Amino acid sequence: MRGTGTFKMESKITQSLITELERIQDPQDLIKEILTRFGERAAIGTSGQLTGSVMIDMAATAGVKPRIFTIDTLRLFPETYKLFEEIEKKYGVAVERIQPDPEKVRKMVGENGEYLFFDSKEKQEFCCHLRKVEPNERVLDTLDVWLTGLRSDQSAQRATTPRFEILTHGEQRRPILKVAPLVNWTEKQVWDYINLHKVPIHFLLTLNQDGWRYESLGCIICTTPIGPHEPRRAGRWRWFNVTNPEDKECGLHEQKVKKDEV
Ligand code: SF4
């Protein structure tokens, strides 16, 4: 029988869990352990980047069927959708496409225009919040562990990305473990794995014209290739580069760590 006092659900996400997982150095072993322990309450989030595909391959070849999601802003490159179809076919998995609230998108576009992100940093962040952060919050409602492909060498802002991070989610401030199994991998390690295991990758990431190449993948227009000497995030929202050439994020990976609340 349910009591009348305050009921506080025990969280599985604790500091001792992290201590236990920290002992697992091999990314594939770590991914397998997490997916086995947490089942549907853990998922790989991918935007079509190389590390997302690597993590999916690692899970599949370790014998676990991963839950996978992507934030479908409705403005992704056609090649991004094609990659997800390839992944689904190769590994027999489903990639959940989490989309923004259509009513909110209609209102935002009606009031600000389709290309509001050109107007100001605030409007770009508003668009990213509505199309990316909100849908991501919705998927986090269903998770205890979020596996991401972040790597510390992707930008100055990501240089301090930890392998394990506890986020507090929603009004209940429920702890969620965010894990970056490949955080310390170099770009060479990623490519070596991809070539060795024949991992399906995003077509745009295979292009290179006189050193110009796609580094990160986001929405059409907001994502452009970077030149040979540009910072890795320079291709995002290029029109803001005069004031902010490197540390540009969409809000998905900017939640604060709240270890003391766990
Ligand atoms: Fe909007 Fe551009 Fe952000 Fe996509 S990347 S959500 S189109 S501002």
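Numbering of ligands and ligand atoms starts at 1, following listing order. All figures in this text were calculated on a predicted structure; none of them were measured in a lab. Numbers for residues simply follow the sequence, beginning at 1.
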Taking only Lys NZ, Arg NE, NH1 and NH2, and the carboxylate oxygens of Asp or Glu, determine whether K104 and E134 approach each other closer than 4.0 Å. yes
For ligand 1, which part of C222 has a heavy atom less than 4.0 Å away: the side chain, the backbone, both, or neither? side chain
Going by atom type alone, with no hydrogens or angles, which donor-acceptor pairs under 3.5 Å involve a side-chain atom of residues 17-25 and a protein atom two or more places apart or on another chain?
from : atom 1 : to  : atom 2 : distance (Å)
T19  : OG1    : Q15 : O      : 2.9
E20  : OE2    : R37 : NH2    : 2.3
Q25  : NE2    : E22 : O      : 3.1

Spell out, as yes or no, whether a donor-acceptor pair under 3.5 Å connects the side chain of T36 to the backbone of K32. yes
Should the pair E86-K198 be classified as a salt bridge under the 4.0 Å nitrogen-to-oxygen rule? no
List every atom of ligand 1 that sits less than 4.0 Å from any heavy atom of R75, numbering the atoms from 1 in the order shown and giving each element. 7 (S)
Would you check if atom 1 (Fe) of ligand 1 lies under 2.8 Å from any N, O or S atom of C128? no
Below 4.0 angstrom, N of the basic side chain to O of the carboxylate: do K132 and E125 qualify? no
K132, portion touching ligand 1 at heavy-atom distance under 4.0 Å: side chain
Relative to the heavy atoms of Q124, which atoms of ligand 1 are at a distance of less than 4.0 Å? 8 (S)
